[in-house]
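Structure, as structure tokens:
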Amino acid sequence: MLDMKTIRAEPEAARRAVELKGGDVDVGELLALDEERRGLLVRVEELKARRNAESKRIAERKKAGEDAAEAVAAMKAVGEEIKGLDAREAEIEAAISERLLRIPNVPDATVPVGATEDDNREERRWGEPADASFERRDHRALGEALGLLDLQAGARTSGTGFYFLRGAGARLERALIAFMLDLHVGEHGYEEVSSPYLVRPHCCLGTGQLPKFGDDMYAVERDDLYLIPTAEVPLTNLFREQRLTVDALPIHVTGHSPCFRREAGSHGKDTSGLQRLHQFHKVELVKLTHPDRSMEALETLTLEAETVLQRLELHYRVVTLCTGDLGFASAKTYDIEVWAPAAGRFLEVSSCSNFLDFQARRADIRFRDADKKLRYVHTLNGSGLALPRLMIALLETHQQPDGSIRIPEALRPHFGADSIGG
RNA sequence: GGAGAGGUGGCUGAGUGGCUUAAAGCGCCUGAUUGCUAAUCAGGUGAGUCGUGAUUAGCGGCUCCCCGGGUUCGAAUCCCGGCCUCUCCGCCA
């Protein structure tokens, strides 16, 4: 969340964030509430100062054996007045924080202004689209022909949006997860973390899924837990309420988890096959950095995610999300989109974001800087990468004219073979 | 699920209504001293917020001892409710 002091000093930034990201908070009203609260504070704190001083005098007088009944009665009245003002102040404060939690993060100055994904800015492309020397089958046809994928069975057990992988399909998923984790741990210096998949509500508040996006998550109401929509939630909250030392930064953690998403309201759009699912696997990258270094950390984070695609010999591009497409908590986001030859389009496999101190403020993650001051860290995360769409691209790109799938060199040690169906 | 114990600053840990302005220790910072990455001594060292002020200073107030209520002139301390942690038992992959 944004700091009330910052909003007070620069209300235009908050207004801009609300407007560009389609928020529903009235910043003017928020400022008025803040004004009222501060006025109230001045009054009530003055009363409390009087009460404190007078109570001390009462204690002294009682010790000296003097009568203090009159002062006690007067302070009783002051106490009542304080109670009333305190209650009013608490009400206003609750109204303020409710609004603060719903104000989105301010887009970074380098983020293109725009409404939809059409306004995103392409930064670069890597590799070439697969050659068109033969008719490419899509991942559904390939998955069916090779016995890798069973969507009908997923629908029967759990509904649409769930899938079974079988045989080499399941093995491919496992190999990709292991490959990515080994890459990030071995070459990019991340600590591997295995985390809970169910979390308490305050964790979702910390990373920004709550209060605005509760409908997007599966809730286990009986136990007041949410199924994680991404490992970002536990991996970031691993550090909640921590006081880190400056030399502990940057912190790099990676982990694999299933991700659960209700995808409410997104039916019918690009949902074919493995494109959009209620449950999928993902390897996540999370960084905590010094505030001065988060923007450069976003660049390396994105490159680290890109490395996965390069090693897997997959064509991709990187785009900067425009203001309207930018997530609630993010100040700047790069999407990595992999080319799916049969689908004939780029599929998002990673979203790399810098949240600045937006999440750190909510989750209360601070560090002691060189000057001994406590400051909020900056948090970043990115997929490294999401499995189903990665598998779509891999199957469709590396299919051979004979119907088999070539396993890219880098993946073979983990997969244990150089092709599927070859 | 049952029984018990407990939640106090960066950490350990005292504190059963006003002498707490939270002891002491550790850690950290500054200085002194000793001819050498150590020892000793002295001093300092929490967070949030409001006001004032101001090149991020300084000064003053208020709040904060898990959270929320209550009692009281006054609560870390007493009462009620909740959350969490630990130990043992039970159950269990």
Side-chain angles (χ1 to χ4, degrees), chain A residues 1-10 30-101 194 196-206 210 220-226 234 237-249 251 288 290-292 357 360-377:
Chain A
M1 78 186 135
L2 300 179
D3 185 12
M4 190 63 230
K5 266 191 274 192
T6 311
I7 296 176
R8 207 182 295 151
E10 304 163 43
L30 175 63
L31 288 168
L33 283 168
D34 176 57
E35 184 94 34
E36 187 183 351
R37 170 170 173 269
R38 276 154 51 223
L40 220 52
L41 271 182
V42 171
R43 280 170 62 200
V44 75
E45 286 181 2
E46 196 180 316
L47 287 174
K48 284 180 178 175
R50 254 177 66 198
R51 179 177 69 180
N52 288 345
E54 193 59 32
S55 286
K56 210 163 278 179
R57 250 172 271 142
I58 289 171
E60 284 161 14
R61 243 184 283 179
K62 285 200 167 176
K63 205 189 294 179
E66 296 169 24
D67 176 51
E70 200 174 310
V72 167
M75 282 308 104
K76 197 178 177 74
V78 170
E80 289 304 316
E81 192 178 352
I82 288 172
K83 194 180 279 189
L85 291 174
D86 264 347
R88 175 73 187 133
E89 194 273 330
E91 247 171 64
I92 295 173
E93 195 179 322
I96 288 173
S97 48
E98 188 271 331
R99 282 162 179 76
L100 279 180
L101 285 173
S194 174
Y197 303 150
L198 290 154
V199 294
R200 296 213 166 96
H202 66 257
C203 290
C204 301
L205 207 71
L210 288 178
V220 183
E221 284 180 24
R222 190 159 73 157
D223 298 295
D224 201 20
L225 292 167
Y226 286 92
N237 279 285
L238 174 59
F239 302 99
R240 70 175 298 111
E241 289 167 36
Q242 295 228 340
R243 302 290 171 260
L244 306 162
T245 56
V246 67
D247 43 294
L249 300 176
I251 289 172
L288 275 58
H290 189 284
D292 294 345
D357 61 2
R361 204 175 282 285
R362 291 171 163 238
D364 192 18
I365 307 171
R366 290 186 275 178
F367 74 102
R368 206 168 284 281
D369 208 348
D371 62 1
K372 299 291 158 203
K373 288 283 181 211
L374 273 183
R375 300 179 64 185
Y376 289 102
V377 300

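Here is how names work: the chains are called A, B, and so on, in the same order as the sequence lines, proteins then strands, and each is numbered from 1.
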Is there a side-chain contact between [X] and [Y] in this structure, where contact means two heavy atoms from C-beta onward sitting under 4.5 Å apart?
{"X": "A:Phe367", "Y": "A:Leu249", "result": "yes"}
{"X": "A:Arg8", "Y": "A:Asp34", "result": "yes"}
{"X": "A:Glu89", "Y": "A:Val44", "result": "no"}

So, for [X] and [Y], which heavy atoms are closest and what is the spacing to 0.1 Å?
{"X": "A:Ala248", "Y": "A:Ile251", "answer": "O-CG1, 3.4 Å"}
{"X": "A:Val377", "Y": "A:Ala360", "answer": "O-CB, 3.2 Å"}
{"X": "A:Ala95", "Y": "A:Leu33", "answer": "CB-CD1, 4.1 Å"}

Separation of the [atom1] atoms in [N] and [M], to the nearest angstrom:
{"N": "B:G74", "M": "B:G82", "atom1": "P", "answer": "26 Å"}
{"N": "B:U21", "M": "B:U45", "atom1": "C1'", "answer": "16 Å"}
{"N": "B:C84", "M": "B:G68", "atom1": "C1'", "answer": "14 Å"}
{"N": "B:U63", "M": "B:A75", "atom1": "P", "answer": "9 Å"}
{"N": "B:A24", "M": "B:G43", "atom1": "P", "answer": "11 Å"}
{"N": "B:C11", "M": "B:G27", "atom1": "P", "answer": "16 Å"}
{"N": "B:U87", "M": "B:G17", "atom1": "C1'", "answer": "32 Å"}
{"N": "B:G18", "M": "B:C29", "atom1": "C1'", "answer": "35 Å"}

Provide a list of protein-nucleic acid N or O atom pairs under 3.5 angstrom, restricted to nucleotides 69-71 of chain B.
| from | atom 1 | to | atom 2 | distance (Å) |
| --- | --- | --- | --- | --- |
| B:U71 | OP2 | A:Lys83 | NZ | 3.2 |

Separation of [N] [atom2] from [X] [atom1] (nearest whole Å):
{"X": "A:Glu66", "N": "B:G18", "atom1": "CD", "atom2": "P", "value": "20 Å"}
{"X": "A:Arg243", "N": "B:C28", "atom1": "CZ", "atom2": "C1'", "value": "17 Å"}
{"X": "A:Glu241", "N": "B:C67", "atom1": "CD", "atom2": "P", "value": "11 Å"}
{"X": "A:Leu47", "N": "B:U63", "atom1": "CG", "atom2": "P", "value": "11 Å"}
{"X": "A:Asp364", "N": "B:C66", "atom1": "CG", "atom2": "C1'", "value": "14 Å"}
{"X": "A:Glu36", "N": "B:U49", "atom1": "CD", "atom2": "C1'", "value": "18 Å"}
{"X": "A:Arg57", "N": "B:G18", "atom1": "CZ", "atom2": "P", "value": "19 Å"}
{"X": "A:Ile58", "N": "B:C19", "atom1": "CD1", "atom2": "C1'", "value": "17 Å"}

Assign each of A:Glu54 and A:Asp34 the nucleotide of RNA chain B bearing its closest heavy atom; nearer the 5' end lies the nucleotide of A:Asp34
Heavy-atom nearest nucleotide on RNA chain B taken for A:Val72 and for A:Met4; more 5' hit belongs to A:Met4
For [N], which nucleotide in any strand shown is its Watson-Crick or wobble partner with both distances under 3.5 Å?
{"N": "B:G1", "value": "B:C89"}
{"N": "B:C41", "value": "B:G31"}
{"N": "B:U71", "value": "none"}
{"N": "B:C36", "value": "none"}
{"N": "B:C65", "value": "none"}
{"N": "B:C84", "value": "B:G6"}
{"N": "B:A14", "value": "none"}
{"N": "B:A23", "value": "none"}

Note to self: By the 4.0 Å heavy-atom rule, please label A:Arg361 as base, sugar-phosphate, or nothing.
What the structure shows: nothing
Exercise. Could you tell me whether A:Arg200 contacts a base, only the sugar-phosphate backbone, or nothing, with contacts defined as non-hydrogen atoms closer than 4.0 Å?
Key: sugar-phosphate
In A:Arg362, A:Arg361, A:Met4, the residue satisfying side-chain contact (heavy atoms from CB on, under 4.5 Å) with A:Leu100 is A:Met4
From the list A:Arg50, A:Lys48, A:Arg43, A:Met75, side-chain contact (heavy atoms from CB on, under 4.5 Å) partner of A:Ile82 resolves to A:Lys48
Check this for me: does any side-chain nitrogen of one of [X] and [Y] sit under 4.0 Å from a carboxylate oxygen of the other?
{"X": "A:Arg37", "Y": "A:Glu91", "value": "no"}
{"X": "A:Glu46", "Y": "A:Arg51", "value": "no"}
{"X": "A:Asp364", "Y": "A:Arg240", "value": "no"}

Is any side-chain N or O of [X] closer than 4.0 Å to OP1 or OP2 of [N]?
{"X": "A:Lys62", "N": "B:C73", "value": "no"}
{"X": "A:Lys76", "N": "B:C73", "value": "yes"}
{"X": "A:Arg38", "N": "B:U49", "value": "no"}

Exercise. Under 3.5 Å, is there a donor-acceptor pair between the side chain of A:Ser97 and the main chain of A:Glu93?
Worked result: yes
A:Arg366 has its side chain closest, among B:C73, B:C50, B:G48, to B:G48
Looking only at B:G18, B:G74, B:U49, the nucleotide nearest the A:Arg51 side chain is B:G74
Enumerate the protein-to-nucleotides 60-62 of chain B contacts in which both atoms are nitrogen or oxygen and the separation is below 3.5 Å.
| from | atom 1 | to | atom 2 | distance (Å) |
| --- | --- | --- | --- | --- |
| B:G61 | N2 | A:Glu45 | OE1 | 2.4 |
| B:G61 | N2 | A:Glu45 | OE2 | 2.9 |
| B:G61 | N3 | A:Glu45 | OE1 | 3.3 |
| B:C62 | OP1 | A:Asn52 | ND2 | 3.2 |

